[in-house]
Amino acid sequence: MSSRDKILKSINRHLVPAAPLPDMDQAWIQFDNPTEQFLTMLSAVGGRGEVVANLQAVSAKLHEEPFYDDAKQICSLVPNLDISADKQVDLNAIEDPHDLADIDFAIVPGEFAVAENGAIWVTDAQVKHKALYFIAQHVVIVVHASDILHNMHEAYPRTGLNTEAFQQTPHFGVFISGPSKTADIEQSLVIGAHGARSLRVFLVEESFDRAQFK
Amino acid sequence: MAGHAQLADKFVANEERAQWHDKSLWFVRHKRDNISHSIPEWETLRETASQVKLHTVAHLAQYLEEFETNAKKLGVTVHWASNAAEHNEIVLSILQEHNVKRVVKSKSMLTEECHLNPHLEAAGMEVVDTDLGERIVQLRKEPPSHIVLPAIHIKKEEVGEVFHEHLGTEAGASDPGYLTEAARQHLRENFLAADAGITGVNFGIASTGGIVVCTNEGNADLGTALPNLHIACMGIEKLIPSPDHLSLYTRLLARSATGQPITTYTSHFHGPKPGGEMHIVLVDNGRSDILGSDDFRRSLSCIRCGACMNTCPVYRRSGGHSYQSTVPGPIGSILGPSQNAKEHSSLPFACSLCGSCTDVCPVKIDLHHQLLTWRKEIYVRGLLPFSKTFPMKVMSKVFQRPGLYAFGGKVARKALRLMPRWMIYNPLNGWGRQRDLPEAPKESFRDLYKKRKK
Ligand code: SF4
């Protein structure tokens with residue numbers, strides 16, 4: 001007998017009392033001001049966030065960032081960001097994700113943000129190499145300001161994980177909440193373990209077409 | 001094999017360190033309290049999460065088949081392993097088929113439970129654990145002492161020593177920032193050089209065939225986004241019915257574990273990356289037997305948050321290694337004997353029955369009740385050591401004879417007051433170690449009661 005059949009048989013041998021699936025539609029946490037809550041949580045987990053008027057403002061803000069101007073390789077999936085041509089890396093021209101090892105800055109779109117925990121949902125839908133999210137030294141995520149949800153119970157239906165479309169493509173989605181960190185050495189928190197050393201989030205007020213992102 | 005108490009002896013011998021360990025974990029428990037109190041519906045969350053787990057376990061075969069079908073649709077190869085040996089063989093053969101030399105692994109208690117690393121290393125592969133805490137214990141050639149905080153028992157000076165030896169950091173360095181930076185460089189090299197990535201699984205989703213892996217460092221992501229081969233090792237109890245139920249566990253896990261609102265990266269893998277290959281190994285290794293037990297079935301709900309360890313007064317003061325079990329602490333003291341009652345017979349006794357673990361458990365496992373049940377079970381199976389059975393036998397004889405009991409009490413009360421200290425506090429009196437006995441009363445309760453009634 002195959003191990004598969006052995007395991008299933010061993011499980012079915014036992015008569016386990018039935019237990020109904022509980023109702024998931026309950027009074028989950030809501031916030032008076034989800035934007036403010038999101039920004040508070042994001043800074044609590046080591047990230048930085050702010051509301052800006054439009055995509056142009058993102059560009060201006062980034063130039064205030066010291067390591068942005070020092071960066072040698074920037075991979076931006078957000079259009080019109082005033083990045084000098086010799087710095088811009090075209091993700092779609094890269095075949096092997098190992099070639100992303102020296103990316104200093106990744107600027108990527110996020111689908112929505114969650115107020116209760118400062119997390120942002122990103123996928124590989126328009127991103128050829130998901131490695132970009134984790135290998136870049138610094139990550140910037142741009143989210144529409146109206147796409148802030150209260151809690152994870154609102155978030156999961158929005159991910160579309162259960163839909164046919166998600167199962168075709170994309171194959172990967174991640175909630176990112178803050179920069180990479182560890183407290184494995186005597187419980188002292190160190191930001192920048194293996195992944196991004198910093199995470200900056202822009203909540204953009206003016207509506208923009210997500211299809212602009214490539 | 002030495003029992004928990006003997007192993008804990010070594011740990012408490014260094015009093016300063018034992019206290020430091022206790023404090024570090026209490027700090028984590030405290031963070032958990034703060035953040036759980038910030039969620040008004042915390043108890044509802046726990047109750048709902050517990051019900052979903054009980055439901056899933058009651059329909060496990062059906063959900064496993066659903067999961068398998070959907071995972072296959074996503075292009076994943078699904079394997080089944082009855083036990084640890086089979087799991088190791090499957091993983092090794094996949095790696096060998098792909099000519100893999102170097103593997104990066106992200107924290108997985110299951111591969112630890114199966115002793116995967118030595119198996120792969122014996123076949124000539126290099127396996128690098130990439131969670132920082134795991135890497136530290138791996139370099140020290142010891143097992144993790146905690147499921148979420150594997151290196152919680154190690155001081156920063158000691159990390160400095162290991163890194164000096166293996167990563168060439170400066171001698172005597174102990175700054176966590178400096179050491180983490182060194183580990184970052186070292187591990188990034190390994191991520192870039194790896195031919196395959198192995199991860200554990202926090203949750204498997206039956207309705208989609210996808211899996212979820214939670215880390216703070218992003219190691220599971222770097223380890224699977226670069227190489228083309230991803231092997232995920234998953235205990236069969238990790239299933240949940242649908243993504244909507246994930247909302248419960250992603251809210252509970254990190255808050256219970258470390259007091260964070262959610263892990264930094266909560267990654268949902270649905271099939272291989274473009275051009276890559278993904279395998280999922282479903283492992284039983286004793287789990288389907290636990291499913292058959294009315295007493296211990298609920299232990300299968302565990303989401304491995306570690307909260308029960310952080311709160312346990314015995315764990316905090318005796319250290320994870322004293323449990324000699326992949327999962328230590330309260331939940332480990334239930335799972336250990338379930339896998340091998342003889343080998344782990346002392347673990348259910350490493351418990352003060354204070355019930356604190358049951359109070360913090362996010363999925364409402366009745367931990368201390370199960371521990372008590374295990375004690376009875378271990379007695380019934382004749383696995384109790386003489387030091388515990390002999391006094392019980394004597395006392396049972398005494399309790400059956402009220403006259404003898406009264407006489408004994410009288411002698412003891414006199415003796416405790418009159419005997420010199422060394423006669424009472426000697427190696428034969430385990431209770432007198434580390435604590436003073438209360439002063440013996442002049443009268444017995446029975447005498448007092450008689451007097452009052454008059
Ligand atoms: S038994 Fe409960 S508290 Fe302990 S690790 Fe498992 S889920 Fe967490």
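It should be emphasised that the depicted structure is a prediction, and the values quoted were computed from it without experimental measurement. Each chain gets a letter, A, B and so on, in the order its sequence line appears, and its residues count up from 1.
- Using a cutoff of 4.0 Å between basic side-chain nitrogens and carboxylate oxygens, B:Glu86 and A:Lys6 are not scored as salt-bridged.
- Proximity to chain B involves both the backbone and the side chain of A:Asn162, based on heavy atoms less than 4.5 angstrom apart.
- Among residues 174-184 of chain A, the residues having any heavy atom closer than 4.5 Å to a heavy atom of chain B are, in sequence order, A:Val174, A:Phe175, A:Ile176, A:Ser177, A:Gly178, A:Pro179, A:Ser180, A:Lys181, A:Thr182, A:Asp184.
- Between B:Lys73 and A:Glu164 there is no salt bridge, since none of the side-chain N atoms of the basic residue sits less than 4.0 Å from a carboxylate O of the acidic one.
- Listed by sequence position, B:Ile262, B:Thr263, B:Thr264, B:Tyr265, B:Thr266, B:Ser267, B:His268, B:Phe269, B:His270 are the residues of residues 262-270 of chain B in contact with chain A, using a 4.5 angstrom heavy-atom cutoff.
- Taking A:Gln26, A:Glu154, A:Met41 one by one and counting their heavy-atom pairs under 4.5 Å with chain B, the maximum is reached by A:Gln26.
- Across A:His98, A:His129, A:Lys128, the residue that shares the most heavy-atom pairs under 4.5 angstrom with chain B is A:His98.
- Heavy-atom distances place both the backbone and the side chain of A:Trp28 under 4.5 Å from chain B.
- The greatest number of non-hydrogen atom pairs below 4.5 Å with chain B, out of A:Lys130, A:Lys9, A:Met24, is found for A:Met24.
- Contact annotation for B:Arg184: both backbone and side-chain heavy atoms come within less than 4.5 Å of a heavy atom of chain A.
- With a 4.5 Å cut-off on non-hydrogen atoms, B:Thr258 does not touch chain A at all.
- Proximity to chain A is limited to the side chain of B:Val28, based on heavy atoms less than 4.5 angstrom apart.
- With respect to chain B, the highest number of heavy-atom pairs below 4.5 Å among A:Val16, A:Leu21, A:Asp124, A:Leu161 belongs to A:Leu21.
- When the candidates B:Leu74, B:Leu149, B:Leu60, B:Leu246 are compared by the number of heavy-atom contacts under 4.5 Å with chain A, B:Leu246 comes out ahead.
- Heavy atoms of A:Pro157 lying under 4.5 Å from chain B belong to its backbone as well as its side chain.
- Both the backbone and the side chain of B:Glu217 come within contact range of chain A, judged by heavy atoms closer than 4.5 Å.
- Contact of A:Ala101 with chain B is made through backbone and side chain together, with heavy-atom distances under 4.5 Å.
- Neither the backbone nor the side chain of B:His79 comes within contact range of chain A; no heavy atom of the residue lies under 4.5 Å from a heavy atom of that chain.
- The parts of A:His171 that come within reach of chain B are both its backbone and its side chain, each placing non-hydrogen atoms under 4.5 angstrom from that chain.
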